[in-house]
Amino acid sequence: SLRRLAASAHEIVAVVTRTDAPLGRKRVLTASPVARAADELGLHVIKADRLDATTTDRIRALAPDLGVIVAYGGLVREPLLSAPAHGWINLHFSLLPRWRGAAPVQHALIAGDAETGVAVFRLVAELDAGDVLAMTPRRVPDDVTAGELLADLAVAGAEVLSEVVDAIAAGTASAT
């Protein structure tokens, strides 16, 4: 999603990702894949494990038009929720309202769902409850792993997310 948005006509003022974490036997501090990609793209990176007052101030100082979240795993609360002029959108890996919350791909597989997909929706104070701007269904192949399905959904999601950002910028986005 980050690479797809970076290739678009939109300016990315910053990328927020988790702080470096110790990995491996030697517990070497390692940047997240998102931080590494943002560095490769020459983007400003804000590393934060919580969207606290300090992080909120750093983001608000950039005066973003839109906030985009993909798999951050943290809740966006006020005053950060209303900081961007066009609010926040989230790419979620299920066809909402099915499988709100964490691990939607794994839950779809455990339940034996024949279809899943991605949804882009507006963030509101409640978890995964905002208006949906777009959904793209995908058939769940037999014997697919969660990792394989998530990789497929990540590609489909990046495209639909980019289309939604374009529509918001053009003033043509429609939500249900």
Side-chain angles (χ1 to χ4, degrees), residues 1-81 83-84 86-94 96 99-109 116-123 127-128 130 136 138 144-165 168:
S1 293
L2 176 58
R3 291 186 190 284
R4 178 68 178 88
L5 290 174
S8 74
H10 306 288
E11 176 189 6
I12 298 174
V13 297
V15 175
V16 179
T17 188
R18 301 290 180 173
T19 58
D20 297 354
L23 292 180
R25 237 180 231 175
K26 296 186 180 184
R27 309 300 288 162
V28 175
L29 278 182
T30 306
S32 73
V34 172
R36 291 194 306 270
D39 284 340
E40 289 170 17
L41 294 165
L43 300 171
H44 174 62
V45 177
I46 298 172
K47 294 182 180 183
D49 290 325
R50 293 185 52 226
L51 300 175
D52 59 13
T54 301
T55 305
T56 296
D57 290 345
R58 292 178 69 192
I59 294 169
R60 290 177 78 180
L62 297 167
D65 291 325
L66 179 68
V68 176
I69 291 191
V70 180
Y72 180 74
L75 293 176
V76 179
R77 295 182 174 95
E78 292 296 350
L80 184 55
L81 190 59
H86 294 284
W88 290 80
I89 60 173
N90 178 245
L91 172 60
H92 186 73
F93 296 99
S94 80
L96 291 171
W99 307 125
R100 296 175 191 225
V105 172
Q106 293 84 343
H107 284 106
L109 291 176
T116 190
V118 296
V120 177
F121 66 95
R122 290 196 181 279
L123 287 187
L127 181 64
D128 299 342
T136 299
R138 282 284 204 257
V144 70
T145 67
E148 292 165 342
L149 184 55
L150 188 56
D152 176 58
L153 294 174
V155 172
E159 185 62 32
V160 73
L161 179 65
S162 181
E163 291 169 2
V164 168
V165 171
I168 290 170

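Keep in mind it's a predicted model, so treat the numbers as computed, not measured.
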Tell me the closest heavy-atom pair linking [X] and [Y], and the distance in Å.
| X | Y | answer |
| --- | --- | --- |
| Gly101 | His92 | O-CE1, 3.3 Å |
| Thr116 | Phe93 | OG1-O, 4.2 Å |
| Val118 | Leu153 | CG1-O, 3.5 Å |
| Leu109 | Thr145 | CD1-C, 3.8 Å |
| Leu91 | Ser1 | CD2-OG, 3.5 Å |
| Ala146 | Val105 | O-CG1, 3.7 Å |

Subject >> With Arg138 via salt bridge (Lys or Arg N to Asp or Glu O under 4.0 Å) - residues at least two apart >> reply: Asp152

Subject >> Results of side chain to side chain donor-acceptor pair (under 3.5 Å) for Thr30 - residues two or more places apart only >> reply: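 Expected list: none.
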
Original post:
Between atom CG of Leu75 and atom CG of Leu80, what is the distance when rounded to the nearest 0.5 Å?
Top reply: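 Taking CG in Leu75 and CG in Leu80, the distance rounds to 11.5 Å.
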
**OP:** Quick one: pull up OG1 in Thr54 and CD1 in Ile59 and give me the separation to the nearest 0.5 Å.
**Re:** 11.0 Å

Original post:
Taking atom types as modelled, is there a side-chain donor on Thr55 or Asp52 under 3.5 Å from an acceptor on the other?
Top reply: yes

**OP:** Please identify each residue that fulfils side-chain contact (heavy atoms from CB on, under 4.5 Å) with Ala31, with sequence neighbours left out.
**Re:** Asp20, Ala35, Arg36, Lys47

Subject >> Sub-4.5 Å side-chain heavy-atom contact between Leu29 and Pro22 >> reply: yes

Original post:
Is there a side-chain contact between Ile89 and Val165 (heavy atoms, below 4.5 Å)?
Top reply: yes

Please table the atom pairs, donor to acceptor, closer than 3.5 Å between any side-chain atom in residues 12-19 and protein atoms at least two apart or in another chain.
from: Thr17; atom 1: OG1; to: Ser32; atom 2: OG; distance (Å): 2.8
from: Arg18; atom 1: NE; to: Tyr72; atom 2: O; distance (Å): 3.2
from: Arg18; atom 1: NH1; to: Asp49; atom 2: O; distance (Å): 2.5
from: Arg18; atom 1: NH2; to: Tyr72; atom 2: O; distance (Å): 2.6
from: Arg18; atom 1: NH2; to: Gly73; atom 2: O; distance (Å): 3.2
from: Thr19; atom 1: OG1; to: Asp49; atom 2: OD1; distance (Å): 3.2
from: Thr19; atom 1: OG1; to: Asp49; atom 2: OD2; distance (Å): 2.7

**OP:** Keeping to residues at least two apart or across chains, list the side chain to side chain donor-acceptor pair (under 3.5 Å) pairs with something in residues 2-15.
**Re:**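 Sorted pair list: Arg3-Glu40, Arg4-Glu159, Arg4-Ser162, His10-Asp166.
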
Original post:
Considering residues at least two apart in sequence or located in another chain, which fulfil the ring-ring contact (aromatic ring centres under 6.0 Å, His included) criterion with Trp99?
Top reply: His107

